[in-house]
Amino acid sequence: MLSRVIYGSRVSLLVGLVAVGIAVAVGLPVGLISGYMGGAVDTVLMRIVDGVMAFPTLILALGIVAVLGPGIVNVMIAIGLTAIPI
C-alpha cells in the first residue's frame, strides 16, 4: 500500500516543486531589486505585485491555464505565477 501511495505521489511532488521553483525564481529577484533600489522602482514593483494579489488565486490560475491550454506543464506554470507575490 505504501509503495502505491509513493508511486502515485510523484506527479504531485513534481508539480509542487516546479511551481515553488518558478515562484522563487521570479519572486526573489523582484523582491531583491525592490528592496535594494527603493524609491520609484520599489513603488512600481509594489503596485504590480499588489495588482496580482488583488485577484483570487484560484481564479487567476484558472485564467492562466485557460490562456495557455490544458496540460500538467501549464498547470505548474499557472501555480508558480500565482505564488509569486506570496
**Student:** Treating Asn74 as the side-chain partner and Gly69 as the backbone partner, does any N or O pair qualify as donor plus acceptor under 3.5 Å?
**Tutor:**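 Side chain of Asn74 to backbone of Gly69: a pair is present.
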**Student:** What residue pairs, at least two apart or across chains, pass side-chain hydrogen bond (donor to acceptor under 3.5 Å, both in side chains) with a residue in residues 7-27?
**Tutor:**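 Every pair satisfying side-chain hydrogen bond (donor to acceptor under 3.5 Å, both in side chains) with a residue in residues 7-27: Tyr7-Arg10.
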**Student:** What distance do Leu60 atom CG and Ile79 atom CD1 have between them, rounded to the nearest 0.5 Å?
**Tutor:**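 It is 11.5 Å, given to the nearest 0.5 Å.
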**Student:** Atom CG in Asp50, atom CG in Leu45: separation rounded to 0.5 Å?
**Tutor:**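 Result: 11.0 Å between the selected atoms.
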**Student:** Hey, any chance Ile84 and Val73 share a hydrophobic cluster, counting ILVMFWY side chains that come within less than 4.5 Å of each other, even indirectly?
**Tutor:**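 Yes.
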**Student:** Can a donor-acceptor pair be found, under 3.5 Å and without considering hydrogens, that links the side chain of Ser34 to the backbone of Val30?
**Tutor:**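 No: the side chain of Ser34 does not pair with the backbone of Val30.
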**Student:** Shared ILVMFWY cluster between Leu28 and Val41, side chains joined below 4.5 angstrom?
**Tutor:**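 Different clusters.
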**Student:** How many angstroms lie between CD1 in Ile22 and CG in Leu81, if you round to the nearest 0.5 Å?
**Tutor:**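 It comes to 6.5 Å.
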**Student:** Surrounding CE of Met46 (heavy atoms of other residues, nucleotides or ligands, distance under 6.0 Å), is the total greater than 12?
**Tutor:**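 Above 12, so yes.
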**Student:** List in chain and number order the residues that pass side chain to side chain contact (heavy atoms under 4.5 Å, CB included) with Leu62, two or more places apart in sequence or in another chain; answer none if no residue qualifies.
**Tutor:**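 Partners of Leu62 under the side chain to side chain contact (heavy atoms under 4.5 Å, CB included) test: Leu58.
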**Student:** Hey, quick one: are Met76 and Val11 part of the same hydrophobic cluster, counting side-chain heavy atoms closer than 4.5 Å, chains of contacts allowed?
**Tutor:**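 Both belong to a single hydrophobic cluster.
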**Student:** Would you say Val24 and Val15 are hydrophobically clustered, going by side-chain heavy atoms of ILVMFWY under 4.5 Å?
**Tutor:**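 No, no single cluster joins them.
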**Student:** Checking side-chain contact (heavy atoms from CB on, under 4.5 Å) for the pair Val20/Leu17: CA distance, chi angles, key distance, verdict?
**Tutor:** CA-CA 5 Å; Val20 169; Leu17 290 175; 6.0 Å; no
**Student:** Can you tell me which residue pairs pass the side-chain hydrogen bond (donor to acceptor under 3.5 Å, both in side chains) test with a partner in residues 54-66, sequence neighbours excluded?
**Tutor:**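 Pairs touching residues 54-66 that pass the test: none.
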